[in-house]
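Here the structure comes first, spelled out in structure tokens, and everything after it is commentary.
All residue numbers in this chain count up from 1 along the given sequence. Since the structure is predicted, the reported quantities are computational estimates derived from the model, not experimental observations.
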Amino acid sequence: QILQYNMRSAKSMQSQNNAAPTATPQKFSHELGDPALKRSFKGHKDVVSTVAFNPNLKQVISGSNDGTVMVYNFKPALRPFRFVGHKGPVHDVAVHPSGNTIVSASHD
């Protein structure tokens, strides 16, 4: 299961810890506060081991110990896509800067 939370802005977080800004799925408020659960993404049958945002900020990609890669759209009306092919757990996923290519890594 993947959970989406409302958090403070990436810019605010960057200024506090000097980290590079990260892609965020939505516009965040600059106000600090407790995170609030925004949405739950379901579809994996085992532990989620890795997550990446598509640079287009419209999708989140996850890999799981069930050997699948899921692509979830932030628009609830669009169904998630499941990619199968690994025989073992998926350890990492990455998205090309264009947003058009996803790669996944496994020990198989």
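- Atom OG1 of T68 sits about 9.0 Å away from atom CG of D46, to the nearest 0.5 Å.
- The line from CD of Q59 to CZ of F53 is 12.0 Å long, rounded to the nearest 0.5 Å.
- V48 has its side chain within reach of V51: a pair of non-hydrogen atoms, C-beta onward, lies under 4.5 Å apart.
- If you check the side chains of T50 and H91, you find no donor sitting under 3.5 Å from an acceptor.
- Looking at V69, V60, V103, V71 one by one, the single match for side-chain contact (heavy atoms from CB on, under 4.5 Å) with V93 turns out to be V69.
- Atom CE of M70 and atom NZ of K45 lie 9.5 Å apart (nearest 0.5 Å).
- Residue P89 comes nearest to S106 through the heavy atom pair O-OG, 2.7 Å, listed as atom of the first residue, atom of the second, then distance.
- A donor-acceptor pair is defined here as one N or O able to donate and one able to accept, closer than 3.5 Å; no such pair exists between the side chain of D92 and the backbone of A105.
- Across all non-hydrogen atoms, the minimal contact from S49 to N65 is CB-OD1, 3.9 Å.
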Can you give me every donor-acceptor pair (side chain of residues 75-86, partner residue at least two apart or in another chain, under 3.5 Å) with its distance?
from : atom 1 : to   : atom 2 : distance (Å)
R82  : NH1    : G43  : O      : 3.1
R82  : NH2    : G43  : O      : 2.8
H86  : ND1    : D108 : OD1    : 3.2
H86  : ND1    : D108 : OD2    : 3.4
H86  : NE2    : S104 : OG     : 2.7

Open item on the list: Would T101 and V95 count as a side chain to side chain contact (heavy atoms under 4.5 Å, CB included) here? Give the steps.
Closed with: CA-CA 6 Å; T101 303; V95 184; over 6 Å; no
